[in-house]
Participant: 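Below: one structure in structure tokens.
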Amino acid sequence: MLISLVLIPVCLAALSLVLPWHQLRSWLLPTAGIIQLGLVVLVVLAKPQAGEWIGLDALSTLVLLVTSILYLGCAFYAVDYLALRQDRGNRIIVPCLLVFLAAMSLAIISRHLGLMWVAVETTTIVSAPLIYYNRNRLSIEATWKYLLLCSVGIALAMLGIMFVAYSAVGGQTEVSLQLDWLLDTAPQLSKPWLHAGFIFLLVGYGTKMGLAPLHSWKPDAYAESPALVGALLAGGLTTVSFLAILRGVQVMSAAGDLIMAQQALMGLGLFSMLIAAIFMVRQPDIKRMLAYSSVEHMGILALGVGIGGLATFGALLHLANNALTKGCLFLTAGNIQRSYASKNLREVRGALSCLPLSAGIFLTGFLAITGAPPFGPFLSEFTILRGIFAGGHPWIAAAFLILLATIFIGMGATVLSATQGESPRVSAQFRDRLLLVAPPLLLLALVLCLGIYMPDPLKELLEAGVALLEVTS
Amino acid sequence: MTDINSMLLLVVILLNFFILGSARLVACIRAVALQGALLALLPVTIHGFSIHSLGLAGGAFLFKGVLIPWLLLRAIREVRIRREVEPLISLVATLFLGAMTTVAAFLFADQLPLIHASQAGVLVPASLATMLAGFLLLMTRRKAITQVVGYLMLENGIFIFGVLLSTAMPLVVEAAILLDLLVAVFVMGIVLNHVNREFSSINIERLSALKE
């Protein structure tokens, strides 16, 4: 049952290779998205027994739900987007998007570190053609940087996995990289190798996730790829990479070395927020601004798990909020970019008068992501802040608040000058279309719901996730 | 058995130096292919004949020694470059740095808490030295394709370390890892081709429009 989450998108990808019609091929994406979300809901309700290779626990359930919702939104958006880009065609992008979905799902449900690595590496490879979709000089430069940096990063993660395996070699039984086996034998693992393994895992998957100082591919790749690819990378792939890091944290925690893992995450988290704040002030490019915002929120996630306790709960909630809000922001930023044929503030002015819906959602999404009430990110960031105070780190809390305020001001300046004021010219080429506006609007509505009301099952899920991460042994 | 392993690893390290010091791209690619093929023997020479070690050796030989180099050679034929490697720092300086990192790798490996020291004693430093040489190549070369060679050396280094772990990685996963590597190099080759078409060069210094 669980494996169909991987097999169905792969089958649809094969189908898309032989279908001769453009429009029908585009519609395969929402079909896959609907089937995926439906299956995920069924699987989550059925609670299958975790197998040796694949299985679900609280963490993967959360990530799976979030990425399926985001993917569904992006898939509907893709139909109208690809209809506008008939000239570029969709023979390559549709199969790549479908395989991307399959690889992402496999990475989420895998219970074996080696299998997970293979799935994450597959997402890197299939997203390279997605980033290169526009086929110009800038996008090829971004693709090359992305491909090389992420491949090297992922290679280091492989080394980390091998170190973790080597830490078990001294024991009596046969070594395995199966997660449950590792968690069971964690106390007997050789400490120095386990520590080195975790650091390499963190650096490797951290490159993929875009934690500073390993983020240098991120602004380029997000800014030069189509909006829906940016949304999927910023909301989906980063979340999956974060899950991979959390698996490392789980092993460290089971071995009784949670403190060291938390300190490493805390350092990287604060540094990411700092770098994002520096580059976000006076950022003239709206999509690069969103990329730095992604760096910031990856930092918040790492910081939350690094603090532990209540902050971990907040970070897991923030994982969902960030993914959905980023999806909404990237999709609407894409609409604005298309209308002005630019994403630079030199040309983009007064978007509200020219594209009332897209620009309105973009503006509201900006308020949501920077933590304005009553949206979800406000709740999760506030929970993390409470967790920081409860953990007894007032200085970190102060730094957290100052960085958030700086980012709010920096991002606000860019977003307001893009949306407010006089529009230089009215573009006749592009108006708001239903499928280009409805998905980001629905994602935003969902983020609003998460901010106002937290359903009990979600709360239980998050608490179970925290319990998985912080085993007290 | 240890003699064979030491000989193999010695040749692997010598090949690191050859690649770092070579000015010809084709020679670099052939050397990295030879390195991959030699490494493919390690699982058998260390763990003896078993389905797992034979499968791993066969797969690694096919992918690292034959298919990936063939893809790379085809890529440079398509973009029509034969000549120099164009280092950012001189070849002699690269070789010197390579020697330093190799010495450092051996000294560092002595400090590590190794299990089964006799076996690991030669594998771990060779693995570290190869990885570091790969990084050196990634950092000091201008042509995009040499960076791919550096990436392959990094992967070779990781493979040496992986041999220590015998059965921790199931054969299916090993195969998938090798396949991922192959597809990655294939995609890199395609991207290289497009870089060449857009910029009429594959010097990554031209890839510098995107910055703050």
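Labels below follow one simple rule: chain letters A, B, ... track the order of the sequence lines, proteins then strands, and each chain is numbered from 1.
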Participant: Can you tell me which portion of A:Asn136 sits under 4.5 Å from chain B's heavy atoms? Options are side chain, backbone, both or neither.
Facilitator: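 Contact with chain B involves the backbone of A:Asn136 alone.
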Participant: Do B:Ile190 and A:Tyr132 have side chains that get closer than 4.5 Å, going by heavy atoms?
Facilitator: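 They are not in side-chain contact.
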Participant: Taking side chain as everything from C-beta outward and backbone as N, CA, C, O, which of these in A:Tyr292 sits under 4.5 Å from a heavy atom of chain B? Side chain, backbone, both or neither.
Facilitator: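 Just its side chain gets close to chain B.
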Participant: Is B:Gln147 close to A:Trp144 at the side-chain level, that is, under 4.5 Å between some pair of heavy atoms?
Facilitator: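 Side-chain contact under 4.5 Å: yes.
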Participant: Which atoms form the tightest heavy-atom contact between B:Ile158 and A:Leu159, and what is the distance?
Facilitator: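 Heavy-atom minimum between the residues: CG1-CD1, 4.0 Å.
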Participant: To check you understand the geometry: which heavy-atom pair defines the closest contact between A:Ile125 and B:Ala184, and what is its length?
Facilitator: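 For A:Ile125 versus B:Ala184, the nearest heavy atoms are CD1-N, 3.7 Å.
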Participant: Side chains of B:Pro113 and A:Lys191: closer than 4.5 Å at any heavy-atom pair?
Facilitator: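 No. Closest side-chain heavy atoms not under 4.5 Å.
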Participant: Please determine whether the number of non-hydrogen atoms from other residues, nucleotides or ligands lying under 6.0 Å from atom CZ of B:Arg30 exceeds 12.
Facilitator: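 For B:Arg30, atom CZ is not crowded (no more than 12 foreign heavy atoms under 6.0 Å).
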Participant: Give, as side chain, backbone, both or neither, the part of A:Gln178 having an atom under 4.5 angstrom from any heavy atom of chain B.
Facilitator: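 The answer is neither part of A:Gln178.
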Participant: State whether the number of non-hydrogen atoms from other residues, nucleotides or ligands found under 6.0 Å of A:Leu274 atom CG is greater than 12.
Facilitator: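 Yes, enclosed.
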Participant: How about CD1 on B:Ile51, more than 12 heavy atoms from neighbouring residues, nucleotides or ligands closer than 6.0 Å, or not?
Facilitator: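 No - once you tally the heavy atoms of other residues, nucleotides and ligands closer than 6.0 Å, there are 12 at most.
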Participant: Other residues, nucleotides and ligands only: do more than 12 of their heavy atoms fall within 6.0 Å of CZ on B:Phe161?
Facilitator: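 Yes, because the 6.0 Å sphere around CZ of B:Phe161 holds more than 12 heavy atoms from other groups.
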Participant: Which region of A:Leu113, side chain (C-beta onward) or backbone (N, CA, C, O), has a non-hydrogen atom less than 4.5 Å from a non-hydrogen atom of chain B, or is it both or neither?
Facilitator: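 Contact with chain B is absent: no heavy atom of A:Leu113 under 4.5 Å.
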Participant: For A:Trp181, which atoms come within 4.5 Å of any heavy atom of chain B: side chain, backbone, both, or neither?
Facilitator: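 Looking at A:Trp181, nothing touches chain B.
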Participant: Restricting to non-hydrogen atoms, name the atom on A:Leu177 and the atom on B:Met169 that form the minimum distance, rounded to 0.1 Å.
Facilitator: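 In terms of heavy atoms, the two residues are closest at CD1-CE, 3.4 Å.
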Participant: Do the non-hydrogen side-chain atoms of B:Phe135 and A:Val152 ever get within less than 4.5 Å of each other?
Facilitator: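 Result yes, sub-4.5 Å side-chain heavy-atom pair found.
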Participant: Non-hydrogen atoms of chain A under 4.5 Å away: do they reach the side chain of B:Leu154, the backbone, both or neither?
Facilitator: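 Just its side chain gets close to chain A.
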Participant: Any side-chain heavy-atom pair from B:Leu138 and A:Leu148 closer than 4.5 angstrom?
Facilitator: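 Counting from C-beta outward, B:Leu138 and A:Leu148 do come under 4.5 Å.
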Participant: Counting C-beta onward and ignoring hydrogens, is there a side-chain heavy-atom pair between A:Glu121 and B:Leu181 closer than 4.5 Å?
Facilitator: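 No - every pair of side-chain heavy atoms lies 4.5 Å or more apart.
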Participant: Would you compute the distance between atom CG of B:Asn193 and atom CD1 of A:Ile140 and round it to the nearest 0.5 angstrom?
Facilitator: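 Atom-to-atom, B:Asn193:CG and A:Ile140:CD1 are 9.0 Å apart.
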Participant: Other residues, nucleotides and ligands only: do more than 12 of their heavy atoms fall within 6.0 Å of CZ on B:Phe17?
Facilitator: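 Above 12, so yes.
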Participant: Within the structure provided, determine whether A:Val169 and B:Leu164 are in side-chain contact (heavy-atom separation under 4.5 Å).
Facilitator: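 No, their side chains stay 4.5 Å or more apart.
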Participant: In Å and rounded to the nearest 0.5 Å, what is the OG to CG distance from A:Ser151 to B:Asp180?
Facilitator: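 The CG atom of B:Asp180 is 9.5 Å from OG of A:Ser151, to the nearest 0.5 Å.
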Participant: What part of A:Ala142 gets closer than 4.5 Å to chain B, counting heavy atoms only: side chain, backbone, both or neither?
Facilitator: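 Its backbone and side chain both get close to chain B.
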Participant: Looking at B:Leu114 and A:Trp193, what are the two nearest heavy atoms and their distance?
Facilitator: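 Of all heavy-atom pairs spanning B:Leu114 and A:Trp193, the closest is CD2-CZ2, 3.6 Å.
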Participant: Taking all non-hydrogen atoms of both residues into account, name the closest pair between B:Glu155 and A:Ala155 and its distance.
Facilitator: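 Looking at all heavy atoms of both residues, the closest pair is OE2-CB, 3.7 Å.
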Participant: Of the listed residues (A:Met162, A:His112, A:Arg137), which shares the most heavy-atom pairs with chain B below a 4.5 Å separation?
Facilitator: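 Greatest number of close heavy-atom pairs with chain B: A:Arg137.
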Participant: Can you name the closest pair of heavy atoms from A:Arg135 and B:Glu198 and give their distance?
Facilitator: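 Looking at all heavy atoms of both residues, the shortest contact is O-OE2, 3.9 Å.
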Participant: With side chains defined as the heavy atoms from C-beta onward, is the minimum distance between B:Val173 and A:Val118 less than 4.5 Å?
Facilitator: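 SC-SC contact between B:Val173 and A:Val118 confirmed.
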